[in-house]
Structures are given as C-alpha cells and as structure tokens.
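To keep things clear, I will list the structure first and then write my remarks on it.
Chain letters run A, B, ... following the sequence lines, proteins first, then strands; residues in each count from 1. Values in this document were obtained by computation on a predicted structure and should not be read as measured data.
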Protein chains: 4
Amino acid sequence: MSAAIRIIASQGLGAATAAIAQEAGVSNGSLFTYFETKADLFNQLYLELKAETAAAALDGLPAGSDIRKQTFHMWSQWLRWATSYPEKRRTLAHLSVSDDITPESRQAGHQTMAGIAKLLERSRENGPMRDVPLGFVVALMNALADATIDFTINDPANAHKHSMTAFDALWRMLA
Amino acid sequence: MSAAIRIIASQGLGAATAAIAQEAGVSNGSLFTYFETKADLFNQLYLELKAETAAAALDGLPAGSDIRKQTFHMWSQWLRWATSYPEKRRTLAHLSVSDDITPESRQAGHQTMAGIAKLLERSRENGPMRDVPLGFVVALMNALADATIDFTINDPANAHKHSMTAFDALWRMLA
Amino acid sequence: MSAAIRIIASQGLGAATAAIAQEAGVSNGSLFTYFETKADLFNQLYLELKAETAAAALDGLPAGSDIRKQTFHMWSQWLRWATSYPEKRRTLAHLSVSDDITPESRQAGHQTMAGIAKLLERSRENGPMRDVPLGFVVALMNALADATIDFTINDPANAHKHSMTAFDALWRMLA
Amino acid sequence: MSAAIRIIASQGLGAATAAIAQEAGVSNGSLFTYFETKADLFNQLYLELKAETAAAALDGLPAGSDIRKQTFHMWSQWLRWATSYPEKRRTLAHLSVSDDITPESRQAGHQTMAGIAKLLERSRENGPMRDVPLGFVVALMNALADATIDFTINDPANAHKHSMTAFDALWRMLA
DNA sequence: CATGAATGAGGCTTCATTCAT
DNA sequence: CATGAATGAAGCCTCATTCAT
C-alpha cells in the first residue's frame with residue numbers, strides 16, 4: 001500500500017501495477033494475491049487514505065473546548081496532515097477523481113468523515129447555513145480545505161497564515 | 001472538439017482517440033491532422049473550455065450595478081453555464097487534473113479568468129480578505145463554485161437555491 | 001529529385017514522402033503526379049545517381065594515355081565525386097540495399113557502368129585476373145571503391161593519400 | 001533470435017515485430033519481455049552475428065603454419081560460414097547498414113574482429129600496405145569478402161574457385 | 001496540373017492479468 | 001503463498017496514397 005502511494009503520487013493512476021509491485025519489493029504476480037484487481041487496490045487505498053485523513057483531523061480533539069476551537073483544531077490537523085504527507089494527499093486527490101472508485105467506496109469514504117460532519121453540524125447550527133443540507137456544507141468545507149492545501153503546497157513557508165486565513169473565511173461562512 | 005467533449009465526458013481522459021474520431025465522424029488518422037497529439041487535443045480543449053467558462057460567467061455583466069450585484073451576476077452565469085452544459089463542465093473537470101495539461105496551458109487558463117479575478121479584487125477590497133493574496137482568494141472561490149456545481153448536478157431541482165446559498169456564503173467570506 | 005536526395009541522405013529511406021515534397025516546395029499530393037509510387041521515385045533516383053556516378057567517373061577520360069593512367073583517372077574522379085557530393089553518395093548507398101529497387105533497375109544500373117567495366121577489362125587483360133568473370137572483377141573494384149569512400153569521409157584530410165593507396169592496391173590485384 | 005534471423009533475411013528490417021514473434025512461436029507481447037525495443041533486438045542480433053562470423057573465421061586456425069596459410073584459412077572459413085548460413089549473412093548485411101545500430105554496437109562489433117585484424121597486421125607487415133592505417137586495410141578486406149560472398153551466393157557451384165581468386169587478389173594487395 | 005485534407009491499414013509498444021513452477 | 005514469464009488486447013501514431021476542389 002505505501003509503495004502504491006509513492007508510485008501513484010509520482011506517476012499518477014496510470015502507473016503500471018508492475019511498478020507498484022517492484023517498489024513494494026514483491027513480484028508483479030504477488031500483487032494480485034492481495035488485490036483482485038488494480039481497481040480493487042485503488043478502492044482499498046482510497047478508503048485507507050480517507051480514514052487516515054479523518055483520523056488525523058480528529059486526533060487529539062479538545063473535547064471540552066468550545067465548538068470554534070474544536071473545529072479549528074480539526075482544520076489545523078487536517079491541513080498539517082496533508083502538508084506533512086504530500087504523497088498521500090496527492091494520491092488521494094488522484095483517486096478521488098478516478099472512475100475506478102466505486103459508488104460504494106465513495107459512500108464509505110463519506111461515512112469516514114462523519115466525525116468531521118458532526119463538528120460542522122454544531123458549527124453551523126446557529127449560523128446562516130443552519131438550514132442548508134449538511135452534505136452541501138461538508139462539500140463546501142472540503143472544497144475550501146483542498147484549495148487551501150493546494151495553495152499551501154506551493155507556498156509552504158506561509159502554511160500557518162494560509163490555514164488561519166482560510167479557517168476564518170470558513171467560519172464566516174458557517175457561524 | 002465537440003465530439004471530444006462528449007466522449008471525454010462519458011469515458012474520461014482514457015477514451016481512445018479512435019472513439020473521439022468516430023464520434024466526430026472522421027477517420028482515426030484524420031484526428032491527427034488537426035491535433036499533433038492526444039495531449040495537444042487536451043490542451044486545446046482545456047483552453048477553449050476555460051475561455052468559454054469565463055466568457056459565460058462575464059456575459060451581460062451589469063457594468064453600472066454595485067459590486068455585489070455584479071459578482072452575483074457572474075456567479076449565477078457561471079453556475080448556469082456549468083449546469084446547462086454538464087458535459088463541457090465534466091470534461092473541463094477531467095482536463096483540469098490531467099498531467100497532460102502543460103504549465104503553459106494552465107497559465108493561459110488563469111489569464112482567461114482575469115475578468116473574474118478583477119471582480120473578486122473589488123469585492124474583497126474592504127473586507128476581511130483584503131490582504132490575502134488574490135490568487136488564494138480566486139482559488140477559494142473556484143473551489144466553492146466547483147463544489148456547488150457538483151452538488152447542483154445531483155440535485156438540479158434546487159439549482160437556484162444552492163446557487164444563492166453558496167453565493168451568500170462566498171460573500172460572507174469576502175466582504 | 002534533389003530534394004529527395006537531401007531528405008534521404010539525412011533521414012534514410014524511411015523518410016516520409018511528405019517530407020520530400022515539402023523540401024521540394026510542392027504539396028504532398030503533387031509528388032504523386034511525377035512518381036506513381038514511392039518505390040518508383042526510388043528507382044528513378046537510383047538510376048539517376050548511378051548514371052551520374054558513372055558519368056563523373058568517366059568525365060575527361062584521357063583517351064590517349066595508357067590504361068593505367070586512364071583507370072587511375074576514372075578512380076580519382078569517382079572518389080572525388082563521391083566525397084564532393086556526400087549526400088548523393090549516401091542516398092545511393094541507401095538505395096543500393098533497398099528492396100524497392102527492382103531487378104530491372106539494378107540491371108540498368110549495371111549497364112550504366114559499362115564504360116567503367118571496359119576500362120577494367122583492359123586493365124586486367126594481361127594480369128592475374130584475366131580469366132575471372134568480368135562481373136566479379138567489377139564487383140571487387142566496386143567494393144574497394146565504396147570502402148575507400150567510406151574511410152575517406154571519416155578522414156577527409158587524407159583523401160588524396162587514401163585514394164592513391166587504394167588504387168595501388170587495386171592495381172596490384174588487377175595487373 | 002533465430003526467428004528474427006529468418007524473418008529479417010526474407011523481409012528485411014522493415015519486418016513487423018509481430019512477424020518475428022510469430023515465427024518464434026510466442027505472442028507479440030512476449031518479444032518485449034526479452035528485448036526492450038525493436039532496435040534493441042537489432043543491436044543484440046548484430047553483435048551475436050558479428051561474433052559468430054568472427055568465431056567461424058578463426059575456428060581451427062592452424063597456429064603453426066605460416067601467415068599466408070593462416071590468413072587463407074581464416075578467409076576460407078569466413079566464406080564457408082557466409083555461404084553456409086546465407087540467412088545469417090543476409091541479416092547481418094541488413095543490420096550493418098541500419099541506423100538502429102548504435103555507435104557502441106558498431107564499436108563492439110569491430111572489437112570482435114580483433115583476431116582477424118591481427119592476422120592482417122602480420123600479413124601486410126612487410127608488404128606495400130605496411131604504412132597504411134590498419135583500419136583501412138581491414139575495411140578493404142571486408143569489402144572484398146562481402147563482394148566475394150555476394151558473388152558466390154549467385155554462383156555457388158564455383159564457390160571454391162571464387163574464394164581462391166579473391167584471396168589471391170587480396171594477397172597481392174597485402175603482401 | 002496543383003493542392004492538401006482525408007483515409008485507414010499497420011506498426012510498435014504497454015500492461016493488467018494468468019498460471020505453471 | 002511467491003514468482004515472473006507469457007499473453008494478447010488495445011492504444012497512439014505514421015504515412016503512402018487518393019481525390020474533390
């Protein structure tokens with residue numbers, strides 16, 4: 001899996017399965033002992049990375065703090081994770097737009113973000129987006145996070161500043 | 001070109017050049033009379049669609065109105081275009097993440113959005129994002145627009161409502 | 001024709017007919033007004049170059065001189081021509097090994113060298129090769145000439161010396 | 001490899017890789033398991049045939065005999081090999097003029113003939129070509145051998161006679 | 001007679017997947 | 001369970017040749 005992350009990050013989804021196997025130090029045939037199909041590998045990888053993203057974002061959540069602090073913590077963790085593991089983030093970005101990811105996987109991927117969604121639910125509950133479908137709110141936050149990460153990757157020196165800027169913007173949207 | 005849009009929208013960038021040629025009603029070889037390379041076709045298509053998006057967004061801009069109205073007009077037009085031509089939008093989305101699009105094309109694509117950027121510039125000039133790099137602001141708006149379009153495509157009945165919801169959110173971010 | 005020489009010399013027989021047409025300053029289609037086929041062009045070119053080689057070799061032949069002087073003159077002229085027009089010589093070399101050259105063309109090409117063969121006939125008439133089939137003698141001389149030209153092209157500074165060396169060797173063979 | 005020899009001998013270097021694979025009884029894809037590229041196959045084949053030629057020419061060299069006898073042995077063996085394996089000879093002839101053969105391969109091919117060059121070195125050491133660059137002498141001998149082989153292939157009944165004739169000529173050149 | 005767009009067969013190469021060892 | 005050679009379908013692109021203008 002980690003071999004796949006490295007290869008996909010650098011070569012994209014068109015990377016040969018043989019290249020992934022080689023990076024993993026196994027024979028090309030062995031890869032298919034663990035994954036029925038290249039698409040199967042993609043789906044498993046997608047779920048793993050989704051889960052890791054979510055776990056990272058929620059890691060060490062200050063349960064006692066107010067909702068803004070909690071959400072900001074989540075936001076910061078997320079961005080830190082994405083910029084700390086650019087290959088994972090890049091690979092996940094590739095996978096997210098692939099036709100090989102099944103609707104089931106996407107569905108499961110969204111489940112993974114339930115914890116994050118819950119934070120948003122509380123964040124917006126008294127704000128102007130209180131009546132907007134939660135899925136839409138999540139999608140908008142996701143989009144802001146992705147854009148911020150992309151921008152930060154090209155200007156890592158100001159990672160913290162960009163993170164704050166975008167979070168403030170998010171909060172104005174929500175609350 | 002329009003054949004390519006249809007095919008790429010339905011089959012993705014992995015579509016065979018032969019399929020595009022067939023859809024266009026010409027022989028596979030003929031395609032290479034017009035485009036040196038599959039990647040060349042992608043780049044030209046990317047620029048065309050980028051330009052069309054921008055043109056649609058700025059079409060009929062009410063020059064005399066206040067900045068919020070102008071920006072809202074732009075936003076509405078953009079979303080209308082994207083939902084009216086889902087294939088173009090889908091194809092542009094595919095192209096935007098392709099490794100075949102050269103940095104030059106991306107650069108040119110950004111130029112295309114100069115008019116939109118100018119509106120944002122004025123929108124945020126007295127707001128909380130007044131000191132944020134304009135490129136970042138553009139990226140955030142772009143992300144919101146894309147997410148809104150995606151959401152709308154799955155729920156077209158509420159297109160207008162989603163558009164307003166997202167615009168209000170954008171405006172809270174900016175002004 | 002001269003365009004074909006330049007193109008074939010630099011790109012080999014695999015050169016596209018379109019490239020030849022372009023070099024000649026005509027449209028690709030026009031080429032086929034003059035030559036039925038690419039192979040037809042090759043055959044005509046082959047004959048032209050063969051004829052030019054022979055003509056060059058026999059140009060200014062000192063009819064009154066003894067046979068050694070005449071043969072040496074022919075030899076020198078041949079080598080001078082080949083090194084003066086390396087593209088023609090290179091193209092002829094390519095054509096000579098092509099499967100597109102018909103047996104008829106080869107036959108005709110040999111006819112072209114009748115004058116040279118006649119010189120050889122007289123050169124060897126009292127020598128050790130007096131009973132060898134003339135075709136064989138011609139082939140051997142041809143081989144020596146080609147090898148000398150190749151060697152000279154890589155060391156043009158000593159063109160004259162190599163020419164003399166090889167002619168002396170030829171003469172020892174023949175007379 | 002032997003399949004390639006047969007196919008190239010009959011169809012030239014333009015032969016499809018698929019044809020070679022079929023002749024070898026493997027799938028077209030398999031060919032590329034063994035050779036990265038068609039050009040790679042050509043280069044390996046070139047080296048193999050060059051080596052085989054040289055080995056055949058020097059096989060059973062009568063080390064104790066005088067230099068003329070040794071050289072004649074080499075010459076005879078060479079011609080015997082070439083006329084015994086006309087396909088190999090034809091293929092090598094094709095390859096020798098191909099642009100796909102790298103300078104490295106040509107260099108290596110020349111190395112292969114070091115043993116033959118050594119014989120020539122000794123053959124000419126007291127003769128009229130004693131001061132000629134050895135590379136030139138080798139080239140001339142090569143040319144004579146090739147021409148003799150070509151002539152012999154069209155008149156195999158007199159193979160021995162042609163071989164003797166040409167060797168005598170060679171010897172007059174050298175010694 | 002010139003033009004150059006159109007044709008479509010054919011070539012080289014890649015790669016996911018299989019399977020005998 | 002690991003291996004890695006074998007498979008063959010599929011894709012991109014080239015190019016000699018044709019033909020309507």
- For B/Thr17 and F/dC12, is the shortest distance between a side-chain N/O and OP1 or OP2 below 4.0 Å? yes

- Query: For residues 91-101 of chain B, which residues have at least one heavy atom under 4.0 Å from DNA chain F?
  - Reply: none

- Are the side chain of D/Thr102 and the backbone of D/Ser105 linked by a donor-acceptor contact shorter than 3.5 Å? yes

- Item | Pairing string, 5' to 3', for DNA chain E - Watson-Crick or wobble contacts under 3.5 Å, brackets [ ] where pairs cross, | to another strand | .||||||||||||||||||||

- Query: Do the side chain of A/Thr37 and the main chain of A/Ala39 share a donor and acceptor less than 3.5 angstrom apart?
  - Reply: no

- Note on the structure: The answer to which of B/Ala39 and D/Leu31 contacts DNA chain F further toward the 5' end, by nearest nucleotide, is D/Leu31

Atom pairs under 3.5 Å: protein N/O with N/O of nucleotides 18-21 of chain E:
none

- Is the shortest side-chain N/O distance from B/Thr33 to OP1 or OP2 of E/dA5 below 4.0 Å? no

- Message: Any base atoms under 4.0 Å from B/Ala15, or only sugar-phosphate, or nothing? Heavy atoms, all strands.
- Response: sugar-phosphate

- Query: Hey, which of these two, B/Val26 or A/Leu13, hits DNA chain E nearer its 5' end, going by closest nucleotide?
  - Reply: B/Val26

- Task: Would you kindly say whether A/Ser27 and A/Ser30 are connected by a side-chain donor-acceptor distance under 3.5 Å?
- Result: yes

- Is the phosphate of F/dA2, meaning OP1 or OP2, less than 4.0 Å from a side-chain N or O of A/Tyr34? yes

- Do NZ/NE/NH1/NH2 and the carboxylate oxygens of D/Arg89 and D/Asp150 come within less than 4.0 Å? yes

- Note on the structure: The answer to which of A/Thr37 and D/Ala18 contacts DNA chain E further toward the 5' end, by nearest nucleotide, is D/Ala18

- With side chains defined as the heavy atoms from C-beta onward, is the minimum distance between A/Leu92 and A/Ile5 less than 4.5 Å? no

- Message: Which nucleotide wins on minimum distance to the side chain of D/Ser27, given the candidates E/dG4, F/dG8, F/dC15?
- Response: F/dG8

- Can you check whether C/Met113 reaches C/Asn142 side chain to side chain, under 4.5 Å on heavy atoms? yes

- Message: Between B/Arg6 and B/Glu23 (salt bridge meaning N to carboxylate O under 4.0 Å), is one present in this structure?
- Response: yes

